[in-house]
Amino acid sequence: MHRPADFDTGRQAIILPTTSDALRCASLLSDLGLLDVTVGRWKDIHALAPAQALARVEHSKDEQSISMVVFSDQLVSAVDAPVLVDTGSTQHFASSIEYVLNNLYGFHLRFFLAARRSLDIPAGSSANLVFSAHHKYLLACEAQGATWVARSEQIRRTPDFRRRQQRIRIQALRSSLLFMTSMGHHPWDKSYDGKLQTLDHLYSRGLP
Amino acid sequence: MMLSLLLTGALAGASSLLQRIRGPSPLIEDWLNLQLDANDHQALRQACERDHCRLGSYYSWYLEKKFMAGLLRQASLETIREALTASDQTDYSQLDCLLDGRSGHVIAIPHFGHYIPAAIGIVNHVSKHRDIAAFYADPKTHKGNGLFDDLRDKLFSGCGGRAEVLHANREGLTKALRFIKRGGILLMFPDVHTSLEDSFVIPFLGRSFNVMLGSAALARKANGSLIPALPVCTGSMRYRTCFGLALRMPTDSVRGLSRSISLQQDYATTSILFQWYEQLMVGRAIRWQYIREHFISQTPFKRLDPASFETMWEAFLSDPRFVPLSILRLPNDAPHD
């Protein structure tokens, strides 16, 4: 079995939108042995989480060619998408695995833009280049209409959503402290005043 | 009167039949217009196990609740009054003792059992000698609460202005505080929150429960007390509202009370309030309006000691979910394909 030209040599990652066609394609390539790793968060596609995929790359030999498909649109959680990208008109959180692959492990990136159109980012490119391409990829996903099945997940990239989640976590921690000291028979330590103030500050400040 | 008795009798018969049902019945759920999915069924199964009852008990309760809601919505004023008088077996002398004196208080009643007739009963009784206001979300934002406004108009419009309604918004909150400070009695429903991110977490019925501290904070700020109330079922379409001991907190008028201390007090008062509810709800928690949502959530409440709190604090500060890895401002000269 010969690999297509794109997969001939080196390390490559193709960043695809989650559509039924793309999922089928990734599955087929994987079955044919043309794809080494699929990255995503959906359980039914047997994908690896970003940390698992990076561990596999880390343990591979330096010259070993690796082909990867990344469903970046599934990487929306605060752990998977920790980079706040400001495009000038909007803000969103983007995944970091593409940049890590590109800069630390020499991966050539190919971002989906439309059918038969992609954006190539050579290994070792700047953060601006990688994240701009990622942004274009997200816009291209948007343009897929109803076929883009990860659309509803994208709210988790928004600063508003993250701020709400942060506040819910702050309140949970604050409640644990209050319960411990008021109902759990543990005396109020002076240091807790400072901690409550920190939580107040984080709550009102939100994301930087 | 006769019709009301016949209907109540028929309801009691239907309820006892429903109580025999062990598992989910799509036919009964259709009949009750009850839309339950697999998660709801699982939650109700767990709640029923806790209450040592069958799912049929939930169906039976739902029928009774539906019947009461229909009656309050559609029946004539006279029929409503008759039904409420027949249903209410509360001994209000207990409440009178708790409301002794001139200071204002907050009565906190959850969405449990026949809480609407119970709230009406409290307002009706208290308004004979004190000013009382029911405090709930504005029907403009919470459509279901339109029923409460209608009932206020129907039942209390001619009672000399001692019973009123305050809607839970910024303006209503200010009015409510002033109302209690003037010696008014405020009736609140403490088991709802308007915003998850503003709520606090307490242990309740074996799980974490999000709750606002507003009832406790209002009582503290007005130098009043918080009086727990819960309507307990005493038979088909019968209830008795129980009142707990008044929870009183040191007042805010003592300047210098730090925010930490007042927050701690409000939290403790709210926790004690819900502990009291939980004790009375044993074996009948399925009558709580939010039982399904509460049991769908599997989140346990984290009880920490100082050492585990410190560990959690350190983890919290370095949590990547809290601090973005970096912030990137993209230039305009984006790459082209």
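Atom set for the values below is all heavy atoms of this structure, side chains included, hydrogens, waters and symmetry mates excluded. Letters A, B, ... are given to chains in the order of the sequence lines, protein chains preceding strands, and every chain is numbered from 1. It should be emphasised that the depicted structure is a prediction, and the values quoted were computed from it without experimental measurement.
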Exercise. Return yes when atom CD of Glu171(B) has more than 12 non-hydrogen atoms of other residues, nucleotides or ligands closer than 6.0 Å, and no otherwise.
Key: no

Quiz item: Residue by residue, which of residues 193-200 of chain A have a heavy atom closer than 4.5 Å to a heavy atom belonging to chain B?
Solution: Asp193(A), Lys195(A), Leu196(A), Thr198(A), Leu199(A), Asp200(A)

Taking the side chain as every heavy atom from C-beta outward, state whether [X] and [Y] have any pair of such atoms under 4.5 Å apart.
X	Y	result
Phe179(A)	Lys302(B)	no
Leu196(B)	Arg167(A)	no
Met180(A)	Pro306(B)	yes

Quiz prompt | Engaged part of Ile202(B) at the chain A interface, taking heavy atoms whose separation is under 4.5 Å | solution = neither

Quiz prompt | Under 4.5 Å from a heavy atom of chain A, the part of Phe309(B) involved | solution = side chain

Exercise. Indicate yes or no for a side-chain donor-acceptor contact from Tyr267(B) to the backbone of Met183(A) under 3.5 Å, with no hydrogens or angles considered.
Key: no

Region of [X] in contact with chain B, defined by heavy-atom distances below 4.5 Å:
X	answer
Tyr192(A)	side chain
His185(A)	neither
Arg164(A)	both

Quiz prompt | Closest non-hydrogen atom pair between Asp198(B) and Gln171(A), with its separation | solution = O-NE2, 3.4 Å

